[in-house]
Structure formats: C-alpha cells, structure tokens
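So the structure is just underneath, and the comments pick up after that.
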Amino acid sequence: MTTASNPASESRRAARTARRASGPAFAVGPDVTPDGTTAETVPAIAAGVDTPAGRGRGPSERNRPLWMLIPGGLLMVIVIIVPLLLGIYMSLLDLDQYTLRQWIEAPFIAFANYVEAVTSTNLFHGVWLSVSYSFISTIIAMPIGIAAAVATQNAFKGRAVVRSVFLIPYVLPSFVVATVWRTMFQPGGIVEHGFKFFGADPGLFLNGPNTYWTLIFVQIWASWPFIYLLALAGLQSVDHEVHEASALDGALWWTKLRYVVFPYLKGPVSLAFIIGMLNHINNFTLPFVLFGIPAPHDVELLPVLTYVTSFQSFRFGLSAAMAVVSLILIAIPLFVYLRAVKLDDAETPGGRK
Amino acid sequence: MRFGTKAVMASIATAAALALSACGGGSSSGGSSSSGGAVNGAGKTLDVLVNVNTAYPEQQKQWMADITTKFKQQTGADLKFETFTSANDELTRIQTSVVSGQGPDVYSLGTTFTPTAYATKAFVTLSDDDWKKIGGKDRFNQNALGISGPDKDHLAGIPFVSRPFVMAYNKDLLKAAGIDAPATTWDGLAEQAKKLTDPSKGQYGMAIAYKDNFDPWKYIWAMSVQAGNNLVDGKTAKLNDPAVKKAYQTYFGWLTNDKVVNPASVGWSNSQALAEFAAGKAGYFLMTSSGSIPTLDKSPLAGKWDYALMPTAAPGDSSPKSGATPAASILSGDNLVVANYSKNKDLAFAYVNLVTSKDEQLNYQKIFGDLPANADALASLQSAPHMAALTDAAKKSYATPFTGAWGDIQLALLNVTVQSIPDLSNGNVPDAALSQRIQDAQNKSQQSLDRAK
C-alpha cells in the first residue's frame with residue numbers, strides 16, 4: 001500500500017534510483033519519474049554550482065555535514081537525555097521527603113525501588129488501565145473522526161461552520177472539558193436524569209465501576225476531532241485525477257471509499273492512532289479533574305498513580321522507578337507498531353545507505 | 001525516547017528542576033547584622049512566599065503593599081512577596097529551594113503540610129532567643145502551636161492564622177423542629193438531624209460532602225481522637241482500632257441508616273454542600289470555617305444562621321471521654337517557617353514579629369476572615385458576629401499526628417471513603433468490605449510510618 005499512501009516520496013525514490021543508475025558524477029539525462037514530471041533540474045543545477053570534489057553527490061551519502069547536527073544534538077542531550085538519565089538514577093535512590101534535602105547523597109538502593117514498584121504497588125493495574133482505556137477510546141474515536149472528515153470533504157453550504165463546530169471539543173482545555181462533564185455526570189446531574197427518563201438506573205458515574213466507561217466516553221468526546229483533523233489532511237492529498245478515474249471506471253461510493261480513498265488515509269490515520277494513544281496514556285488532567293485524588297480503584301491510571309506517589313507520598317525514587325518500568329512496558333509495543341506501519345521511515349525511503 | 005509517559009515527564013521535570021537548581025549555587029551573600037533590639041536591614045531584601053488568596057486578590061495586593069511599607073519603616077529593608085497557587089506549587093518551590101539552598105527566606109505553610117516540610121530539615125527550629133525576637137511563645141494561642149514541631153522544644157512553625165472548623169446551623173429550621181441548642185454529641189446531632197429531615201420538602205438534617213478531597217478524613221480523625229485513639233502511636237498506625245471503624249460507620253450511617261443526608265451528597269464537594277445549606281435545605285452544615293461567612297451572608301439565609309462547635313463526644317458517648325482529646329476541630333491554618341539557608345534570618349524574624357503583632361493580626365482578620373494566631377487578638381474577637389464559636393474552636397483545635405507519614409495516612413483514610421462511595425450510594429456499606437478497606441489503609445499507613453525518620 002506504500003505506493004498509494006505516499007505517491008510523492010515514492011516518486012522521489014524512483015528519481016534517486018534513476019539518478020544513481022545514470023552515474024554518480026553527473027546526472028544530466030532527463031529522468032522521467034513515473035508520474036510524468038522531469039527530475040533532471042535539481043542535479044543539473046547542483047552540478048553547475050558545486051565544486052568538482054563534492055558535486056553531483058547531493059547531501060545524501062558520504063561527506064554529509066554531520067557536524068551541523070551538533071547544536072540540535074547538544075540540545076537533545078540537555079533536554080531529553082540528561083533528564084532521562086537523571087530520572088533513571090533517581091529510580092535507584094531512596095529519595096523521599098526525608099532525603100530530598102541532600103538528594104545527591106540519598107542512599108543508593110539499586111533495584112529496591114523496582115522490586116517495590118512491581119511487587120507492592122498497583123503499577124500493573126495502572127498500566128493495564130491506561131493502555132486499555134487509551135486503546136478503546138482511540139479505536140472508537142477513529143471511525144467517528146474519519147466519518148466526519150469524509151462527510152465534510154465535499155463543499156456544501158455551511159461547511160466552514162460545521163468544520164469549526166467539529167473542532168470545539170479539541171480546542172477546549174482539558175480542564176474545562178473535565179469540569180463540564182463532571183458537573184453533568186454528578187449524582188442528580190443531567191446525565192442521570194437522561195438515563196432515568198428512559199427508565200434506566202445507571203448508578204454512579206464518578207465512583208465505582210462506571211468510572212472507567214465515563215472516562216472513555218469523555219476522552220472520545222474530547223479527542224475524536226484530532227483524528228478528524230489528520231484524516232482531513234489525508235483526504236486533501238487525494239489526487240483529483242484518482243476520483244475522476246474511479247468515477248470513469250464506474251466505482252460506486254463505497255468501492256471508491258474503500259479502495260481509492262482509504263489507502264490514502266492509511267498514513268495519517270495510523271499516525272493519528274499512535275499520537276492519540278500516547279496522548280491518552282499521558283492524560284492526567286482528565287482523570288484528575290473528573291475523579292479527584294485518591295482516584296476510585298477502577299480509574300487508578302498510570303499518571304494518577306505516579307502523581308500520588310510523587311507528590312502525595314513524596315516517594316520520588318519509587319515513582320521514578322515506576323515511570324521507567326512503564327516506559328519500558330509501553331515502548332516495546334510502540335516500537336513494534338512503528339515498525340509494522342513503517343511510520344518512522346515512510347518519509348525517508350532508502351534513507352539508510 | 002520521545003514516547004515518554006506522563007509519569008516519566010513528571011520525574012523528568014522533578015529531576016530537571018533538581019539538576020538546574022543544583023547548578024544554581026549561591027549568589028546573594030552578606031549576613032544581616034542585628035545590633036541589640038532593632039534590626040538594621042538597609043539595602044537588603046527579604047523574600048517571602050505566601051499563598052495567593054483567590055477570594056480576595058485585590059485586597060491581598062493592598063495588604064502586601066502596606067506591609068512592605070511598614071517593614072521598610074521598621075527595618076529599612078525591602079520586602080519581596082512571591083505567591084504560590086496550590087500546595088503542589090509550594091512543594092515544588094520548597095524542593096528546588098531546599099536542594100539549591102536559595103530561595104524565599106520565609107514560607108507560609110498549611111498546618112497539615114508542616115510535618116512534611118519539617119521532615120525535610122530545611123527550616124529553622126526556633127531557639128529561645130529566636131522566640132524572644134518574635135515576642136515569645138506566650139504571644140500565640142497555645143493550641144495553635146500544636147503542629148509547629150514534633151515536641152514543645154522543637155518548634156519550627158510559627159502560627160500565623162487559624163482556620164478552625166465548625167458547623168453552621170439554620171436557626172429557623174432548628175426552631176421549627178423545636179431544637180433549643182445545637183447538639184454537643186455525635187449521637188445527639190444525629191437525633192436532631194432526624195427531626196430536621198423531611199425528604200418530601202427536599203429538606204435534610206445535615207449537608208455532608210462525601211466526595212470532598214479533604215473533608216472525610218477530618219470526621220474520622222475527630223471521632224477517633226474523641227474516643228481516645230490518636231491514629232498514630234509513636235511508630236505504630238492504629239487505624240485498625242474499633243474506634244476508627246465506628247467512626248466510619250457513624251459517618252456513612254447518616255446516609256445509609258439515619259437517612260438524614262441528601263442521597264445526592266455522595267457526589268458533593270464541600271462547596272456544593274455549602275450551596276445546599278445556603279439554599280435553606282439543610283439544618284446543619286458540618287466541617288466549615290470562617291471562609292463560608294461571605295457566601296452565607298450573601299445568600300437568602302443571611303441573618304438566619306450561626307456557627308456552633310462540632311460535637312466533641314465520640315459516637316456512642318454522651319459526654320467527652322475522660323483521658324481522650326476533646327477535639328472540636330483539626331488544627332488548621334497557616335504557619336510561617338524561616339528557611340535554614342536564609343542569610344537574612346534576623347530580618348525574617350522581624351517580619352514574623354510584624355505580621356503576628358496584635359494589630360496586624362486583627363487587620364488581617366478584618367480583610368481576609370482568617371482567625372488570628374495571636375492570643376490577645378483572638379480574645380478581642382470573641383464578641384464579633386459569628387466569632388464566638390470560631391474563637392472557641394480555635395482554642396479547642398488539636399493537631400493531627402506530627403509525622404512525615406501523615407500525608408499518606410490522610411490519603412489512606414480518604415481512600416476508604418472514596419472506594420466506599422458506590423456502596424454508600426446503594427444505601428449499604430457491607431461490613432466486610434469496610435473492614436477490608438480500613439485494613440488496607442492501616443497497611444499503607446504502617447508502611448509509611450516505617451519509613452518515617
């Protein structure tokens with residue numbers, strides 16, 4: 001499906017292959033790419049300007065000016081690597097309110113925090129809740145977002161208004177969303193009245209087993225527009241000719257959608273899926289505002305658990321260990337997923353040379 | 001590694017804060033010279049961290065400006081106020097300051113947070129000389145000193161204001177039900193509440209906030225200490241004591257057995273319970289403080305309500321138990337602490353001396369409603385409207401156990417209520433489930449106490 005999902009990069013790859021085939025030094029012959037555009041211009045100009053030593057090679061292979069990465073790399077080390085290493089180091093310390101003052105000298109206890117995190121906290125329960133809730137809300141939000149994008153794809157009167165309305169849940173701050181829904185889900189609140197009108201007694205929404213579904217519901221409400229946005233972006237990239245061609249072939253709307261349009265959406269939507277998942281796993285504001293601290297057992301999510309361990313119990317070492325464990329637990333499937341959908345190298349086909 | 005979880009971000013943020021502040025190093029230098037009585041702080045600046053007052057933001061700015069002027073007159077030094085918005089904010093601030101050894105000279109701390117702050121050893125334990133600089137220990141309401149340190153000789157927190165808890169009652173409803181005076185025992189209160197309840201009119205005996213993030217553990221603590229169980233005995237947690245279970249049963253029983261509470265209250269926070277009371281739909285509103293005066297005086301209930309002490313006799317008892325603590329309220333309010341790393345300690349004490357003086361304390365009470373910690377100032381307020389019960393409660397407030405583990409214990413107590421709310425809503429909290437939850441709380445508390453140093 002790569003051909004369909006990424007026509008632009010595909011043609012670039014073809015151009016590069018063609019260029020390489022025509023000799024490393026000078027690429028003068030007009031390379032005609034599959035989609036009919038001529039690719040000769042770029043190397044030709046480069047050849048005219050470059051000094052003889054480096055000409056024609058382009059910025060791709062050897063002699064890449066890697067040193068130019070130094071500022072960015074340095075920044076990455078300071079902003080990401082150093083804190084991460086510090087976090088890992090912290091997870092090996094007995095760091096709490098009693099040792100915080102001289103935290104460098106906090107007792108080194110190796111993996112005791114990890115043992116405690118795994119054996120006597122609700123860590124796995126938290127990870128399971130976080131991942132499952134994220135997965136369910138993302139999966140349900142996807143068809144809603146895609147349907148909304150398809151529905152507003154063709155111009156109609158008032159489309160701009162509808163599109164703006166769709167974005168309202170997304171632009172509202174999480175805190176506001178949670179506060180509004182908490183008010184509605186309260187005992188004696190509007191949602192309960194709604195259920196009672198139909199003769200159902202749903203019980204409590206903000207405590208007990210229903211909380212999990214309440215959270216999923218509010219999360220979907222707040223996050224489907226994100227999928228919608230990315231799906232919309234994907235739809236914009238569908239070539240007009242493709243629509244015409246399929247219409248000429250007599251494809252009906254569903255066939256067209258399934259075999260022509262959806263392949264274009266695969267990239268953006270799998271991206272939306274992964275970003276959505278990560279956002280949900282990281283979401284602290286929503287459960288915190290909806291359910292408060294301490295959280296009901298059914299929504300004792302990972303971020304909430306870590307927050308309580310860090311800032312209510314002041315066990316910084318333990319919470320760092322919990323964070324590292326959950327990072328590993330979540331990073332593995334994530335890595336597999338990224339490999340599977342080839343999101344991480346879709347933009348640089350053949351980039352590794 | 002950009003796929004960090006929130007958790008990782010939290011620890012990264014903490015780590016980064018620690019790292020950055022550790023690199024900071026000391027910049028300000030020079031000790032303040034105190035010669036004799038007056039402190040000469042010309043050219044120096046004292047840094048004070050206070051919580052932002054969201055109810056009276058303008059007044060707070062004005063108060064800060066006034067104090068700055070007065071402080072300049074007295075010492076010649078400048079004052080710089082910084083504010084924090086939440087306890088979490090403050091904790092972060094303390095963490096970074098503690099690690100780096102620089103930051104505010106004086107902090108304002110919530111009382112229940114004082115043991116935790118004390119455990120960091122970052123604040124000055126006052127010597128006799130230090131006390132003299134701020135007018136002596138006798139200057140303060142002695143009960144307010146109860147949570148300033150682990151024992152009488154090791155006090156770090158200087159009481160600044162008190163916010164004792166009381167209950168409000170609706171005079172009209174009580175009169176209509178033929179009740180002369182508010183109850184002084186929990187059993188008596190439940191009886192009165194039954195008389196005040198009339199579900200057909202949507203009227204209930206008490207407004208209780210079962211879903212509040214703080215309220216529930218205060219009831220359990222109060223009823224337990226009144227029964228003679230202080231929850232913590234040295235290094236031992238005593239949550240599995242029958243008194244604690246009895247407290248929970250009483251607290252939940254108002255809804256499940258006595259049916260004197262609006263069933264919707266399983267979802268209420270303190271402010272929602274206050275709204276219910278202010279609408280005239282409840283006879284009593286428990287666990288409130290002077291902060292509710294403005295709301296009540298603006299409500300239709302204005303002039304028809306007053307405060308009373310909460311019961312001090314444990315459930316099942318007809319009078320306060322001898323030997324037990326007759327606590328009417330937790331010791332609540334703000335303490336001031338001086339940072340150990342401060343290079344302006346004398347100036348800091350001069351500031352504390354200024355703001356805990358009788359006049360300043362009364363002025364503060366007038367503006368913000370918080371009760372004075374200054375004993376004279378407190379005594380002079382007794383006759384003001386609604387103040388009788390409040391000042392009385394301030395003197396009958398007792399400290400929660402002074403241990404760094406208290407934060408965890410408080411959370412564990414609260415968690416019992418949170419996990420019981422579904423049962424509560426169904427009208428019955430099963431005995432076995434309650435015992436199990438209390439046992440969980442006991443285990444968590446004991447674990448935390450074992451770590452306490």
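Within every chain, numbering begins at 1; the chains are lettered A, B, ... in the order of the sequence lines, protein sequences first and strands thereafter. Just so it is clear, the model here is predicted, and its values are computed rather than measured.
- With a threshold of 4.5 angstrom between heavy atoms, B/Ala412 does not approach chain A through any atom at all.
- No side-chain heavy atom of B/Val266 sits under 4.5 Å from any side-chain heavy atom of A/Asn207.
- Neither the backbone nor the side chain of A/Phe185 has a heavy atom closer than 4.5 Å to any heavy atom of chain B.
- Only the side chain of A/Val308 comes within contact range of chain B, judged by heavy atoms closer than 4.5 Å.
- Residue A/Phe175 places its CZ atom among 12 or fewer non-hydrogen atoms of other residues, nucleotides or ligands, all under 6.0 Å distant.
- Interatomic distance, NZ of B/Lys444 versus OG of A/Ser313, reported as 8.5 Å (0.5 Å rounding).
- Of the listed residues (B/Ser448, B/Ser265, B/Gly404, B/Gly267), the greatest number of heavy-atom pairs within a distance under 4.5 Å of chain A belongs to B/Gly404.
- Residue A/Arg182 does not touch chain B at all, counting heavy-atom pairs closer than 4.5 Å.
- Taken to the nearest 0.5 Å, the CG atom of A/Leu204 stands 10.0 Å off from the CG atom of B/Asp423.
- For A/Asp94, the part lying under 4.5 angstrom from a heavy atom of chain B is the side chain only.
- Taken to the nearest 0.5 Å, the CD atom of A/Gln312 stands 8.0 Å off from the CD atom of B/Gln410.
- Put simply, CD on A/Glu300 and CG on B/Asn415 are 7.0 Å apart, with the number rounded to the nearest 0.5 Å.
- At a heavy-atom cut-off of under 4.5 Å, chain A is reached by B/Lys211, B/Asn213 from residues 211-221 of chain B, listed in order of number.
- In terms of heavy-atom pairs under 4.5 Å with chain A, the best-connected choice from B/Gln272, B/Gln419, B/Arg451, B/Gln447 is B/Arg451.
- If you take CG on A/Leu206 and OG on B/Ser425, they are separated by 11.0 Å, rounding to the nearest 0.5 Å.
- Taking OG1 from A/Thr309 and CG from B/Asp408, the interatomic distance works out to 9.0 Å, rounded to the nearest 0.5 Å.
- Interface residues of residues 287-297 of chain A toward chain B, defined by a heavy-atom distance below 4.5 Å and sorted by number: A/Phe291, A/Gly292, A/Ile293, A/Pro294, A/Ala295, A/Pro296, A/His297.
- The number of heavy-atom neighbours closer than 6.0 Å to CZ of A/Phe135, taken from other residues, nucleotides and ligands shown, is 12 or below.
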